[in-house]
Asker: 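Mind looking over this structure? Questions follow.
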There are 2 protein chains.
Amino acid sequence: MVQAPAQVHTRADEAFDCLQTAIVMGDLAPGEKIGEVELCSRFNLTRGPLREALGRLESRGLLVRRPHAGVKVVSVSAEELLELYRIREVMEGLAARQAAERMTDEEIRDLKATLDSHEKMIDEAQGQAYYQAEGDYDFHHRIATGSRNTKLAQMLLGDLYYMVRMYRYRLSTSAGRPHMALGEHRRIVEAIAQRDGELAEFLMKRHINAARQNIEQKIQEGVLTI
Amino acid sequence: MVQAPAQVHTRADEAFDCLQTAIVMGDLAPGEKIGEVELCSRFNLTRGPLREALGRLESRGLLVRRPHAGVKVVSVSAEELLELYRIREVMEGLAARQAAERMTDEEIRDLKATLDSHEKMIDEAQGQAYYQAEGDYDFHHRIATGSRNTKLAQMLLGDLYYMVRMYRYRLSTSAGRPHMALGEHRRIVEAIAQRDGELAEFLMKRHINAARQNIEQKIQEGVLTI
DNA sequence: TTGCTCCATTTTGTTGACAATCCGGCTCGT
DNA sequence: ACGAGCCGGATTGTCAACAAAATGGAGCAA
């Protein structure tokens with residue numbers, strides 16, 4: 001979807017991608033228990049590759065599987081969603097620090113350009129928070145890969161983001177935050193451009209902390225029901 | 001092995017555990033390419049469950065798989081091992097902080113008792129750094145679960161520790177560090193007992209940072225060849 | 001009526017065989 | 001002699017049928 005797979009030749013990879021996007025997009029509701037044969041008919045697969053993909057998904061924590069009892073999409077509680085942001089805070093803080101130390105000048109230029117395009121998108125489609133959500137993901141994606149920390153990027157991109165995005169589609173970010181978030185992004189990039197890792201880490205942690213508090217507030221207001 | 005699986009009924013789980021421990025213990029050398037049928041005969045399995053386990057292992061980053069070309073155990077470079085410690089630093093720092101806020105009094109008592117038994121083990125089998133390594137793992141394991149952060153514990157226990165342990169068996173920790181590490185552990189537990197999350201986080205980060213520097217130094221000395 | 005037990009159906013777990021793909025060695029041409 | 005193309009063997013990916021286990025309902029007893 002957003003992360004173009006190099007080449008998906010095998011059926012199992014195909015099944016994996018299909019299921020993953022289906023879960024993230026909400027086509028498969030959290031807590032929903034699904035039979036293997038139904039999934040096979042829905043995605044035109046046989047059970048062999050499907051089971052392999054199921055194993056991968058389970059290992060990533062997107063679904064749980066009880067022996068002989070079937071699989072069901074994982075349902076994350078409000079508390080667990082907030083915990084996810086706590087993890088993001090420290091991990092992306094590290095990513096920002098390492099990105100400041102290791103990103104190439106060209107990557108930093110691209111990053112700035114990305115922010116410019118995000119700003120245009122926000123201005124054009126104001127209120128359409130969806131684009132902001134995608135843009136936000138794009139920003140954090142670049143920082144993660146820019147850290148040159150293979151495992152860190154793998155954990156952020158492969159584990160955390162999918163779980164977060166799973167809820168992004170449901171709870172489009174609040175109206176006021178896109179502009180604020182963009183400003184925070186700009187300051188982070190500035191710190192990276194100045195190769196100030198410590199500052200970049202601090203700003204990134206504060207940025208994600210703000211996002212978490214935003215969600216927390218909405219939950220307390222009863223706007224968000226998870 | 002060290003983590004008794006609740007109940008491994010399915011063959012795929014069995015295969016997963018076998019392969020995982022085989023990789024961690026070094027029975028399957030990093031970079032070694034292995035055929036599916038050979039694995040089947042070695043662990044008395046059929047290819048179905050094996051492939052499912054292989055998918056899970058790949059998803060966890062313990063082995064890589066090229067379509068139609070076979071699987072090979074992942075080989076981590078020295079730089080990547082150090083990067084792993086950087087990730088541990090921030091994640092376990094968070095775990096320590098949350099553990100200080102959320103562990104029950106009983107869990108803290110158990111944690112102290114664990115340290116006492118570690119001390120005895122170190123005194124009895126001095127030089128035998130192996131026990132220390134296991135004890136160290138046990139300590140960090142308890143902190144991770146004590147954080148009450150499901151995903152955090154899952155990522156630490158399911159992803160990072162296995163990769164770290166993969167090298168622990170090869171590069172038994174240096175002679176002097178066990179005693180020092182134990183002292184650091186004690187101070188961390190003290191901070192947790194006082195419910196001082198901030199201090200616990202700081203101490204844990206410094207503890208892991210020290211371990212990282214220890215490894216880094218040994219690599220530069222040429223003692224460690226990875 | 002309520003609870004338990006037993007049974008049948010459905011679903012999962014497993015197996016072995018089949019088809020597609022890649023790697024190594026060989027032959028042939030220049 | 002050296003490189004390119006080709007073929008055979010082996011290995012992986014896929015499939016459909018078989019066996020085991022659990023859920024749900026029906027029947028019976030209290």
Side-chain angles (χ1 to χ4, degrees), chain A residues 4-23 27-75 158, chain B residues 4-23 27-75 158:
Chain A
Q7 62 246 39
V8 270
H9 275 315
T10 162
R11 298 284 243 185
D13 291 333
E14 196 181 328
F16 181 73
D17 286 343
C18 285
L19 284 235
Q20 191 164 34
T21 57
I23 292 172
D27 294 346
L28 270 52
E32 184 180 349
K33 53 183 172 295
I34 39 185
E36 291 186 1
V37 285
E38 187 194 333
L39 288 175
C40 291
S41 61
R42 202 201 285 209
F43 296 108
N44 283 65
L45 295 161
T46 51
R47 285 183 53 212
L50 182 90
R51 284 184 61 81
E52 197 180 318
L54 251 42
R56 286 201 244 176
L57 267 312
E58 187 197 14
S59 179
R60 292 206 176 179
L62 267 78
L63 48 83
V64 291
R65 184 142 69 135
R66 256 199 6 236
H68 301 281
V71 307
K72 72 174 202 288
V73 181
V74 73
S75 67
Chain B
Q7 61 249 40
V8 270
H9 275 313
T10 163
R11 299 286 242 183
D13 291 334
E14 197 181 326
F16 182 73
D17 286 343
C18 284
L19 285 236
Q20 191 163 33
T21 57
I23 292 173
D27 295 345
L28 269 52
E32 183 180 350
K33 53 181 170 296
I34 40 188
E36 291 185 1
V37 286
E38 187 193 334
L39 288 174
C40 290
S41 61
R42 202 202 284 207
F43 295 109
N44 282 66
L45 295 162
T46 51
R47 284 184 53 213
L50 182 90
R51 284 183 60 81
E52 197 182 318
L54 251 41
R56 285 201 245 177
L57 268 311
E58 187 196 15
S59 177
R60 292 206 176 178
L62 267 77
L63 49 81
V64 290
R65 184 143 71 135
R66 255 201 4 236
H68 302 281
V71 308
K72 72 174 203 285
V73 181
V74 73
S75 65

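To find a chain, count down the sequence lines: A is the first, B the second, and so on, and within it residues start at 1.
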Asker: If you check the T10(B) side chain, which of dC15(D), dG13(C), dT15(C) turns out closest?
Answerer: dG13(C)
Asker: How many Å lie between NZ on K33(B) and C1' on dT11(D), as a whole number?
Answerer: 14 Å
Asker: In this structure, how many angstroms lie between the C1' atom of dT12(D) and the CD atom of E38(B), rounded?
Answerer: 15 Å
Asker: Within this structure, what is the CD-to-P distance between E14(A) and dG13(D), rounded to whole angstrom?
Answerer: 15 Å
Asker: Mind calculating the distance between CG (D13(B)) and C1' (dG13(C)) to the nearest angstrom?
Answerer: 11 Å
Asker: Hey, what do you get for CG (L50(B)) to CG (L45(B)), rounding to the nearest 0.5 Å?
Answerer: 6.0 Å
Asker: Extract all donor-acceptor atom pairs below 3.5 Å that involve side chains of residues 61-69 of chain A and protein atoms in other chains or at least two apart in sequence.
Answerer:
unit_1 : atom_1 : unit_2 : atom_2 : d
R65(A) : NH2    : E52(B) : OE2    : 2.6

Asker: Of all the heavy-atom pairs spanning F43(B) and A22(B), show the shortest one and how long it is.
Answerer: CZ-CB, 4.1 Å
Asker: Quick one: pull up CG in L28(A) and SG in C18(A) and give me the separation to the nearest 0.5 Å.
Answerer: 11.0 Å
Asker: Is it true that R56(A) and D13(A) have a side-chain N and a carboxylate O under 4.0 angstrom from each other?
Answerer: yes
Asker: From CG of N44(B) over to P of dG16(C), roughly how many Å is that when rounded to an integer?
Answerer: 12 Å
Asker: Would you call K72(A)-E32(A) a salt bridge at under 4.0 Å N-O?
Answerer: no
Asker: For the pair made of CG in L54(B) and P in dT11(D), what is the distance, rounded to whole Å?
Answerer: 15 Å
Asker: Rounding to a whole Å, what distance do you find between L39(B):CG and dA10(D):C1'?
Answerer: 16 Å
Asker: Below 3.5 Å between N/O atoms, which protein atoms pair up with nucleotides 5-12 of chain C? Just atom names and distances, please.
Answerer:
unit_1  : atom_1 : unit_2 : atom_2 : d
dT12(C) : OP1    : E36(A) : N      : 3.3
dT12(C) : OP2    : E36(A) : N      : 3.2
dT12(C) : O3'    : H68(A) : N      : 3.4

Asker: Figure out the CD/P separation between E52(A) and dC15(D), and round it to whole Å.
Answerer: 12 Å
